[in-house]
*Asks:* 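For reference, the structure I am asking about is given below.
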Protein chains: 2
Amino acid sequence: MFKLTRKVEYALIALRHMQNKGSEVVTNTKEIAEAYDIPVQLLAKTLQHLAREGIIDPVQGPHGGYRLTANLEDLNLTDFIELLEGPMGLMDCYFDSNCEQLGVCNIRLPIVKINDSIRNMFNKMSLADLTK
Amino acid sequence: MFKLTRKVEYALIALRHMQNKGSEVVTNTKEIAEAYDIPVQLLAKTLQHLAREGIIDPVQGPHGGYRLTANLEDLNLTDFIELLEGPMGLMDCYFDSNCEQLGVCNIRLPIVKINDSIRNMFNKMSLADLTK
DNA sequence: TTAAATACGACTTTATTGGTCGTATTTAAT
DNA sequence: ATTAAATACGACCAATAAAGTCGTATTTAA
């Protein structure tokens, strides 16, 4: 319970790897997959996702790969997770108010508060903090 | 992502319900299930679990049910979740050091820190806070 | 004796996550 | 031009976890 998904995990590993190599260097998927023993195809999809979101920049063709473009200081953990995995909340009703039980639910408010605290905490963490 | 399980959700709802009625009163499963539209059998198992853990006290036979016994001030959210769902951690390596990648993993430390922060935050929340 | 309740393991179903496959596209090097 | 090394990406499959159901036993007040 309460685990990060592999997608998030792999994305963080990759970003840190790229960060360490410097932001002009082009790194390809295979290199990272082998270094950390991650399934190539899955990492590939993850990196493609990061590229679509503008966090890394794809370089196609031979000797291609990805180059770190985003300023990781400016990207917080809440946004990062949500951009990879969608809405992050302890209960669905945090985002989606279709819950039939909304009227009778007796724990909604406290849960919303905890949720806000977690988000707030994640908001304060930049990816740069995590990858350096 | 990052959702509480139904089990935890239902347990909290039930505890709050019982708390509201006062701690001497006996409340049965069916009453709670109907009030919040929760599958009876599932709630039953959850309450049995809480009973095994000594948080509520079973009263068998007709007019039976459960009575709140634990002092909810003394039970924090980390312990509560773990007692219902087992170890709570962002990555398995927080508890289990069998991960093959431990040696090469480049994000373990930052993740462990975040994990500690969450646990720390949950440690400071008593169930009483959540159910009153 | 009956009926209303808990106790609980086994099972099934559903949802989510994790991973694979096939195929197309881009492009540097030859 | 051709080749080969890379990204791009949708469709599919597998594994795991979560959610829910079923059957049967036990307890006990009326």
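Atom set for the values below is all heavy atoms of this structure, side chains included, hydrogens, waters and symmetry mates excluded. Within every chain, numbering begins at 1; the chains are lettered A, B, ... in the order of the sequence lines, protein sequences first and strands thereafter.
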*Asks:* If you pin A:R6 and A:H63 to their nearest nucleotides in DNA chain C, which one's is more 5'?
*Replies:*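 On the 5' side of the pair lies A:R6.
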*Asks:* Please determine, for the side chain of B:Q60, which listed nucleotide (C:dA28, C:dC8, C:dT6) has the closest atom?
*Replies:*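 The answer is C:dT6, which lies nearest to the side chain.
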*Asks:* Quick one: A:D57 CG to C:dT26 C1', roughly how many Å, whole number?
*Replies:*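 Going from A:D57 (CG) to C:dT26 (C1'), I get 15 Å.
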*Asks:* Hey, are the side chains of A:K7 and B:M1 touching, using non-hydrogen atoms and a 4.5 Å cut-off?
*Replies:*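 A:K7 does not reach B:M1 side chain to side chain.
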*Asks:* In chain order, what residues pass the side-chain contact (heavy atoms from CB on, under 4.5 Å) check against A:L102, with sequence neighbours excluded?
*Replies:*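 A:L102 satisfies side-chain contact (heavy atoms from CB on, under 4.5 Å) with A:C93, A:S97, A:C99, A:R108 once adjacent residues are dropped.
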*Asks:* May I ask which nucleotide in the shown strands pairs with D:dC22, Watson-Crick or G-U wobble, both distances under 3.5 Å?
*Replies:*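 Per the H-bond distance test, C:dG9.
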*Asks:* What nucleotide among D:dT21, C:dG22, C:dA7 has an atom nearest to a side-chain atom of B:P39?
*Replies:*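 Comparing D:dT21, C:dG22, C:dA7 against the side chain of B:P39, the answer is D:dT21.
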*Asks:* With a 3.5 Å cut-off and just heavy-atom distances, do the side chain of A:K45 and the base of C:dT20 make a donor-acceptor pair?
*Replies:*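 Such a pair exists between side chain and base.
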*Asks:* Among C:dG19, D:dC9, C:dA7, find the nucleotide with the atom closest to the side chain of A:Q48.
*Replies:*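 Out of C:dG19, D:dC9, C:dA7, the nucleotide with an atom closest to A:Q48's side chain is D:dC9.
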*Asks:* Examine C:dA5: is either OP1 or OP2 under 4.0 Å from a nitrogen or oxygen in the side chain of B:T29? Give yes or no.
*Replies:*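 No, because none of the side-chain N or O atoms of B:T29 sits under 4.0 Å from OP1 or OP2 of C:dA5.
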*Asks:* Pick the closest DNA chain D nucleotide for A:T27 and for B:G61 by heavy atoms, then say which residue is nearer the 5' end.
*Replies:*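 Nearer the 5' end of the strand: A:T27.
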*Asks:* Atom CG of A:L42 and atom C1' of C:dT16: how far apart are they, to the nearest Å?
*Replies:*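 The answer, rounded to whole Å, is 14 Å.
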*Asks:* What's the CG-C1' distance between B:D92 and C:dG18, to the nearest Å?
*Replies:*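 Distance, rounded to whole Å: 13 Å.
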*Asks:* What's the CG-C1' distance between A:L43 and D:dA6, to the nearest Å?
*Replies:*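 Roughly 14 Å, once rounded to whole Å.
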*Asks:* Could you please name the option among C:dG18, C:dT27, D:dA19 that lies closest to any side-chain atom of A:P62?
*Replies:*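 The closest nucleotide is C:dT27.
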*Asks:* From C-beta outward on A:N28, which listed nucleotide comes closest to its side chain: D:dT7, C:dA7, D:dC22?
*Replies:*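 For the A:N28 side chain, the nearest candidate turns out to be D:dT7.
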*Asks:* Taking the side chain of B:Q41 as heavy atoms from C-beta outward, which of D:dT7, D:dT21, C:dA29 is closest to it?
*Replies:*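 Closest nucleotide among those given: D:dT21.
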*Asks:* Please determine, for the side chain of A:T5, which listed nucleotide (C:dT27, C:dT17, D:dG20) has the closest atom?
*Replies:*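 Between C:dT27, C:dT17, D:dG20, the one nearest the side chain of A:T5 would be C:dT17.
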*Asks:* Using whole Å, report how far CD1 of B:I56 lies from P of C:dA5.
*Replies:*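 Roughly 15 Å, once rounded to whole Å.
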*Asks:* Under 4.5 Å between any side-chain heavy atoms of A:T78 and A:M88, yes or no?
*Replies:*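 Yes, their side chains come closer than 4.5 Å.
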*Asks:* Report the distance from atom CD1 of A:I55 to atom C1' of D:dT7, rounded to the nearest whole Å.
*Replies:*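 So the two atoms are 17 Å apart, to the nearest Å.
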*Asks:* Among B:L84, B:L15, B:L127, which residue satisfies the side-chain contact (heavy atoms from CB on, under 4.5 Å) criterion with B:I55?
*Replies:*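 Of the listed options, the one satisfying the test is B:L15.
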*Asks:* Can you find a heavy atom in the side chain of B:P39 that is under 4.5 Å from one in the side chain of B:R6?
*Replies:*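 With C-beta onward as the side chain, the pair stays apart.
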*Asks:* If pairing requires Watson-Crick or G-U wobble contacts with both distances under 3.5 Å, which nucleotide is the partner of D:dT28?
*Replies:*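 Its partner is C:dA3.
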*Asks:* I need the CD-P distance between A:E9 and C:dG19, as an integer number of Å.
*Replies:*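 These atoms are roughly 10 Å apart.
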*Asks:* Check which hydrophobic residues are tied to B:Y94 through side-chain heavy-atom contacts below 4.5 Å, counting indirect links as well, and list them.
*Replies:*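 So far as hydrophobic clustering goes, B:Y94 is joined with B:F95, B:V112.
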*Asks:* Does B:Y10 have a side-chain nitrogen or oxygen under 4.0 Å from the phosphate oxygens OP1 or OP2 of D:dA18?
*Replies:*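 No, no such contact exists.
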*Asks:* What is the distance, to the nearest angstrom, from the NZ atom on A:K3 to the P atom on C:dT17?
*Replies:*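 Checked: the NZ to P distance equals 12 Å.
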